[in-house]
Amino acid sequence: MESYRSHYSKDVTEKDYGKLITISGWVEDIRNIGSIAFIIIRDKKGTLQITALKKKNLELFEKLVSISRESVIAVKGLCKANEKVRNGYEVLPEEVEILSVAETPLPLGVVDKVESELETRLDNRFIDLRKQRNQAIFKIRNVVVAAVHEFLRAQNFIEVHTPNIIASSSEGGTDVFRIKYFEKEAFLAQSPQLYKQMLMATGLDRVYEIAWYFRAEEHNTRRHLNESTAVDLEMAFINDEEDIMKILEDLVYNMWKKASECKDELDVLGVNVVLPKLPFKRNTYDDVIKKLNNKGSEIAWGDDLGTEDEKLLGEIMKDEGHEFYFITKYPLDAKPFYTMPEGDKYSRGFDLECKGVELASGSQRIHDVELLKERLKTCDLNPKDFESYLKGFRYGMPPHGGFGFGIERFLMELLDIKNIRECILFPRDRTRLTP
RNA sequence: GCCCUGGUAGUGUAGCGGCCUAUCAUCCUAGCCUGUCGAGCUAGGGACUCGGAUUCAAAUUCCGGCCGGGGCGCCA
C-alpha cells in the first residue's frame, strides 16, 4: 500500500463515492453475518464501515473477519454510497494490510457494554483514551489551553518557562518532593511563584506559563493530584489586585466561550456549557463570613474556608445568580508570605471560585524587600533560604501581582467530571507512578 | 497526617459459614446465518488478593501483609 490513508472517516464526501479510497485505524467491531461481514474501523475523527462479501473474495473475507478487535489495519477499497449505513457510505475492500495485531482478550473494552473502574482504566490508559468520551475531554483541554495562549498574547503577555528543579521550596508550608541534584539537595517546584515574580524585575512586565505543579501532599481525594498543570501569570505596574482580577475573569470567560463552541465533544460528554456573566461577583472575605454565619456555618473570622463552607458559599452564590465569584481581601494570615498586606489584618489576596470549588488564587505581591523579609519571618521562614529570590527585589522591582489557575480543576467544573484524574492524561497521585 | 470503606474469570458484578461443582452480563474460542450497526442463535472457556488463625466445614468470621476507592486537613 503506497499510502495508509487518503481520508479520515468523517472526511469522505459524496464526491468520493464511486472512487477508491484508503483508510486506516483500529478495528472496533466485527459483525460476521455469514456470507457478509461488517468491520467497523475507528480513526481520529470517528468510525466507518467496511463491508466484505464472502463470495466476492473469500481470502480477503477470511482475513478481515479473523482480525482481533483493536488491531490496526489499513484498507483500500471502493467507496460506495449506502443509505443503510450510518455514515451514508461503506467501503468495499480490495486490499487489506494488517499493521499491528492486538492481543486477546483486551485488558479493557473500548466499546464494551460494561464500564471499567478508574484503576483498570488508568492502568491501561492508552486503551482507555481510545474511548470517544475521553478523547472529547482532551480535545476540549487542547481548545481551552489554546484559548489561554490566544487571549494572553493579545493582552501583551509573553509565555515563559521557569525551572522545575529548584533549590528551596517555593512557599514553605506544603510538602515538596526532594530530589538529588548531584552533590546537592533540590526540590521539584511547587509552582513557578518565585521565578515569575523575579521576572517582574526584568521589564518583561507581563508573563505567563503553562506550569507544572509538584506537590508531595499525601492526600487521596478525587480533586487532588501530585502533579498538575496551571496557568500561572504575573504582571507589573498594577495599582492593586483588581487589575489582576480583570485579566483573570476575562481569561476564564474566553476559555469557557471557546469550550462552548466544541459542540461535538460536548455532545459526547452530555454537557451543556452556559456562558457566565461578566464581571464576576466580588465578595470581600468579611461579607463571605457574614453570609456563611447567617446560613448556620460556625466559621470564625480569620479561618480559611473549609470544604463544607466552600460548598455552602457556592449554594448561597448560586441563589444570588453567580456561578463564578471572587473572594477578596483575605486575612493576611491566611495567605502566603509574598501577599501584599492591606492594613494589619487584611491582604490584597483573592480566590476565584466556581460553584463552591476554588479555581484560582492570586494577589498583589509585596515588592518592598524589607517588608518581604519581615513577612518571611512572621511566617516562620528563614530569609536566608530565599536569598536569591530576595536579591531580585533590591535593584528595582515594580508593583506587581498575579495568579495561579489550575487547568484540571477548571476542566472538572467545565465538563462536570467527578474525578480529577480523568482530566490529565497520565495522573500522578499518592500511589500511582505508572504509566 | 487523621478517619471511613473495598479486593470474586480479561472487564464489571451476585453470593457474605454447609444449598458454591460460585450468579449474571460482558469478553474470548468454535460453529450457523447476505444488511449488521447494543446484531441474533448454539456449544465451549475463564475467578474467590496473599499469609496465618477459628471451625467438623471458610469466598463468607478473626488477625496481619499487599493493593485500591473515598472523606477531612491542606490546596489548584
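In the text below, chain A, chain B and the rest are named by the order of the sequence lines, each starting its count at 1.
With C1' as the reference atom, B:C48 and B:U61 are 16 Å apart, rounded to whole Å. To the nearest whole angstrom, the two P atoms, one in B:G44 and one in B:U55, are 42 Å apart. Only the C1' atoms considered, B:A47 is 12 Å distant from B:U23, to the nearest whole Å. A gap of 34 Å separates the C1' atoms of B:U11 and B:C2, to the nearest Å.
A salt bridge does not link A:Lys76 with A:Glu94: none of the charged nitrogens is closer than 4.0 Å to a carboxylate oxygen. Ion pairing of A:Arg130 with A:Glu28 is absent here, as no side-chain N (NZ or NE/NH1/NH2) approaches a carboxylate O to less than 4.0 Å. Contact check on A:Arg282 versus A:Glu249 returns a salt bridge, with a Lys/Arg side-chain nitrogen under 4.0 Å from an Asp/Glu carboxylate oxygen.
Among the atoms of the strands shown, none is found under 4.0 Å from any heavy atom of A:Thr229. Within 4.0 Å (heavy atoms only), A:Ile40 reaches no atom of the nucleic acid at all.
Aromatic pair A:Phe177/A:Phe214: ring centres not closer than 6.0 Å.
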Can you check nucleotides 2-10 of chain B for protein contacts, nitrogen or oxygen pairs under 3.5 Å, and list what you find?
residue, atom, partner, partner atom, Å
B:G10, O2', A:Leu106, O, 3.1

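Below 30°, between 30° and 60°, or above 60°: for A:Tyr285 and A:Tyr330 the angle between ring planes is between 30° and 60°, a tilted geometry.
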Q | Check against side-chain hydrogen bond (donor to acceptor under 3.5 Å, both in side chains), A:Glu320 and A:His322 | A | CA-CA 6 Å; A:Glu320 293 182 16; A:His322 306 288; 4.6 Å; no
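At a cut-off of 3.5 Å, with distance as the only test, no side-chain donor of A:Thr328 or A:Glu241 sits close to an acceptor on the other residue.
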Q | Bracket notation of RNA chain B in which parentheses pair within the strand, [ ] cross earlier pairs, and | pairs with another strand (Watson-Crick or G-U, under 3.5 Å) | A | (((((((..(((.....[.....)))((((((.......))))))...(((((..]....))))))))))))....
Q) How would nucleotides 39-47 of chain B be written as a contact map, 5' to 3', with B for base contact, S for sugar-phosphate-only contact and - for no contact, using protein heavy atoms under 4.0 Å? A) B--------
